[in-house]
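One structure is given below, encoded as structure tokens.
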Amino acid sequence: MPEKKQVIEIRGARVNNLKNVDVDIPRNALVVITGLSGSGKSSLAFDTLFAEANRRYVESLSSYARNFLDGFDKPDVDVIRNLSPAISIDQKSVSRSPRSTVGTMTEVYDYLRILFAKLGVPYCPTCGKRLQRKSVREILEEILLLPNDTPLVFMAYSKSLVSKTEREALALINIWGYIRVLFHGKLMPIIEAIPESSFTETSEIAVVIDRLVLDRERPDKERILDSLQTAFRVGSGTLTLRINGTGEERSYNEEYRCEECGISLSEFTPSRFSFNSPEGACEKCAGLGVTLEFDPELVIPNKNLSLAEGAIRPWSKMNGDRHTGQGPMQWLRDASRRHKFSLDAPVKKLSAKHFSLILHGEEGKQQDAFPGVIALLEKKYRETKSDHLRMDIEAYMLTRPCPSCEGKRLKASSLSVKVEGLSINDFVLQSVENFLVMLKPIREKLLQKEEREIIDPLFSEMEARMRAVEKVGLGYMELSRGADTLSGGEAQRIRLSVQMKSGLSGIIYVLDEPSVGLHSRDTERLIYALEDLRAGNNSLVIVEHDVAIMRKADYIIDLGPGAGIEGGEIIFSGTPEKLMHSNMLTGEYLSGRRKISNKKKARTRSDGAITIYGATEHNLKNADVKIPLGMLVAVSGVSGSGKSSLVHDILSRALSKYFYHAKAEPGAYRKMEGLSNIDKVIAVTQDPIGRTPRSNAATYTGVFSLIRDLFATTEEAQREKYSASYFSFNMRGGRCEACQGGGQKKIEMYLLPDVYVPCEICQGTRYNSKTLSIEYRGTNIAQVLRMTVTEARRFFSDQTMIEEKLRVLEEVGLGYLVLGQSATNISGGEAQRIKLATELARKSTGKTLYILDEPTIGLHFEDVRRLLEVLEALVEKGNSVLVVEHNLDVIASADWVLELGPDGGARGGELIFSGPPEKLKHCKRSFTAKYL
């Protein structure tokens with residue numbers, strides 16, 4: 001059989017900015033696609049290669065099955081040959097549900113649930129005593145050990161008889177069809193018991209299910225089992241066996257019971273240990289581990305106001321008259337008369353008792369009692385159908401660990417089941433590394449007691465999955481960590497570990513910067529993991545800028561030469577060695593001939609400092625950290641060493657609370673000094689700038705408002721009396737009403753995927769013809785939205801405010817971005833740089849602290865150089881810049897480095913170095929030093 005051709009041939013790719021590209025991608029190789037931001041890397045890897053592989057797979061399904069899948073348009077490409085099934089592992093498509101954890105994403109939690117359901121030992125959730133029960137088979141074994149010819153009586157006490165009189169109870173047993181009972185301590189037929197029974201007294205009566213004499217030679221096992229099952233059914237899980245002759249009675253439970261506490265636990269199933277199932281989830285928080293609760297500080301923030309002046313913030317905001325006339329305010333007024341406090345006195349002058357009454361209500365059950373502000377808000381929150389009102393009310397609530405399960409997500413009865421003395425929560429609190437260490441001794445202990453058939457497959461699966469997670473550099477992660485707290489890179493690497501475990505062959509894996517957020521040491525581990533995937537005869541196509549991964553690649557494709565319209569061409573394809581010897585920009589950086597930063601000397605002067613004492617959030621070990629101001633400070637350290645805990649959870653939140661009264665509570669620390677040295681803080685994260693196609697870079701930065709104002713000043717607009725809002729595609733008036741300013745219309749194809757077509761009325765311009773007829777210098781508003789940042793900057797060069805905002809966007813490397821590009825198509829790195837540009841365009845006071853979270857994500861060497869220039873300019877103006885960063889070039893060009901470590905997870909959390917980068921090289925405990 002002839003061998004399949006060893007390259008994937010792409011001919012005539014024109015997706016987004018690709019210019020009719022022809023390229024051959026080697027199969028069963030590690031191929032890196034690189035180039036400037038916006039040069040077309042993702043368009044080639046994801047929107048062409050992966051999209052076509054995916055579409056072909058979907059087309060192979062029946063039209064009925066396709067109806068349930070999202071539409072996959074054919075990418076704009078002439079032909080792709082030798083394509084095999086593709087799996088894309090990007091950073092966007094990971095579930096961000098608070099119901100997913102690292103344990104559930106890796107499926108280890110599912111194996112733990114089976115382990116606990118099969119081998120768990122239950123204890124009473126109240127008194128902690130070990131609970132016992134016997135199955136029908138075990139009772140049968142016990143009966144067969146009795147002497148031959150033993151007379152046996154099977155009895156049950158039914159719950160249905162509890163409150164009935166003797167006569168009623170016997171009549172009911174008679175209806176059920178049983179003929180004997182244990183009545184007043186004697187076995188007798190019902191007919192004899194009825195005359196002796198009382199019409200008013202109640203007493204305990206046992207139903208006799210069966211009587212037999214044990215024949216050990218030929219025991220009637222079927223009959224005994226049947227009698228046991230019937231007795232359990234009648235007795236609701238308990239039965240009594242009377243051994244006639246000796247009169248001994250033995251009680252058996254089908255369920256686990258604690259007689260002292262009156263608690264019974266039913267059969268364990270894996271769903272009893274799932275926090276996403278009603279069987280296992282804590283009832284108070286529904287398995288989320290946290291609850292939303294009203295915070296008195298947010299409900300009554302200003303204690304200087306009186307109640308009459310609107311001290312109760314939510315009431316004064318939810319338009320006063322409706323709520324204060326006849327409703328809650330009137331009840332409060334009545335309560336104030338009863339309890340003698342004034343509505344006109346400042347809240348701070350009220351007694352603690354009266355303050356508590358206002359929040360939590362009057363005691364007592366009388367009709368007109370005031371229920372309390374919090375109870376009224378809770379009722380409104382529960383009953384409202386409006387999402388808008390619900391969001392308004394949530395502004396007065398804080399997320400707190402659930403008081404019932406203490407954040408463990410499960411019911412007490414599920415947490416009281418132990419394996420080798422540990423609950424399922426004790427397992428998931430471990431980091432991946434510790435979990436692997438724990439498994440071995442537990443496995444050996446269990447093998448001494450239980451069957452190997454149950455234990456071996458469970459433990460082997462858990463170990464294999466955890467080893468894969470450790471391989472991609474996530475050994476520091478706890479299994480209980482929620483998916484909504486993972487960074488894009490972490491979530492992507494968890495998915496990569498699941499794929500490594502799947503053992504598929506012949507697949508094309510398309511990855512989007514898997515090294516994001518990884519320290520150089522962890523990148524090495526990641527490379528081994530990628531090489532393992534390649535060894536399974538898979539093809540890896542990776543969009544990447546990391547030097548280590550590029551040097552290890554089999555083949556590199558470089559796109560360029562510029563970004564946006566100036567990109568979209570293949571300027572190099574070949575081996576890394578060939579690239580290093582070429583005169584390409586990427587090659588010069590890769591070989592070290594060109595450097596990112598030529599900064600000769602770090603700044604030594606510092607304008608004071610912010611000092612954090614006793615930081616203990618997550619894995620921080622009582623760290624004292626001094627952050628010098630007026631400098632470019634880099635925070636480095638391996639993944640999981642505590643950088644985010646320090647910078648985001650403690651510093652950023654504490655400053656937001658101090659300057660802007662933000663409601664998010666900062667992480668745990670003892671005290672913080674030096675806040676007076678700055679006058680504002682700006683934290684720039686990688687969250688998206690908008691979740692709908694209606695927001696874009698122009699609307700987010702505010703440049704679009706200025707452009708609309710400009711259009712409103714044209715002669716024609718003045719004549720027609722059009723205001724700036726007329727030029728918005730989100731407002732009635734100027735927009736096209738056929739597509740409501742969307743520019744596209746969805747056509748439902750029923751059995752085929754929905755198709756989006758440009759609106760036939762406005763031709764995809766989003767505006768009506770009247771608006772489009774108004775031009776500024778011969779260009780209408782829709783044409784402006786189609787310009788790139790660079791083109792628009794040239795066009796508006798004489799409009800200072802517009803030019804200023806666009807210049808900053810260009811400086812942070814976004815010159816290629818189309819102004820009207822929707823926020824849903826903007827990557828995390830681009831979103832962060834748009835936010836950075838928005839902040840930079842504001843007038844700086846020279847005492848601002850900028851906090852950035854890995855701003856180099858998704859940036860080519862040349863873009864990193866530009867970004868560093870922008871950050872340096874900020875510091876030159878007297879501002880302070882703090883970056884959490886793994887990029888060695890950024891760390892080397894910082895003025896000051898704070899290194900956390902030495903390792904991740906429990907082995908991290910210490911400040912191991914603080915000083916200029918050149919001294920970091922000599923720090924023995926630092927992993928960064930080794931790579932610098």
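Heavy-atom basis, side chains included; hydrogens, waters and symmetry copies ignored.
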- Message: Among Lys284, Arg409, Glu283, Glu293, exactly one meets side chain to side chain contact (heavy atoms under 4.5 Å, CB included) together with Cys402. Which residue is that?
- Response: Lys284
- Look at Lys643 together with Glu854 and state whether they make a salt bridge at an N to O cut-off of under 4.0 Å. no
- Lys134 and Asn253: side chain to side chain donor-acceptor pair (under 3.5 Å), yes or no, with the steps? CA-CA 6 Å; Lys134 281 221 162 77; Asn253 292 326; over 6 Å; no
- Message: Restricting to side-chain contact (heavy atoms from CB on, under 4.5 Å), what partner residues turn up for Val516, sequence neighbours left out?
- Response: Gln91, Glu513, Ile857
- Partner of Glu279 by side-chain hydrogen bond (donor to acceptor under 3.5 Å, both in side chains), out of Ser414, Ser271, Ser274: Ser271
- For Glu255, salt bridge (charged side-chain N to carboxylate O under 4.0 Å, His left out) partners two or more places apart: none
- Item | Lys/Arg N to Asp/Glu carboxylate O, Glu463 vs Lys440, below 4.0 Å | no
- Query: Is any side-chain N of the basic residue among Arg390 and Glu383 closer than 4.0 Å to the acidic one's carboxylate O?
  - Reply: no
- With distance as the sole test, does His519 use its side chain to make a donor-acceptor pair with the main-chain N or O of Ser639 at under 3.5 Å? no
- Query: Between Tyr396 and Phe294, does the ring centroid distance fall short of 6.0 Å?
  - Reply: no
- Query: Which pair of heavy atoms, one from Gly642 and one from Asn619, lies closest together, and at what distance?
  - Reply: CA-OD1, 3.7 Å
- Query: For the ring pair Phe268 and Tyr256, is the centre-to-centre distance below 6.0 Å?
  - Reply: yes
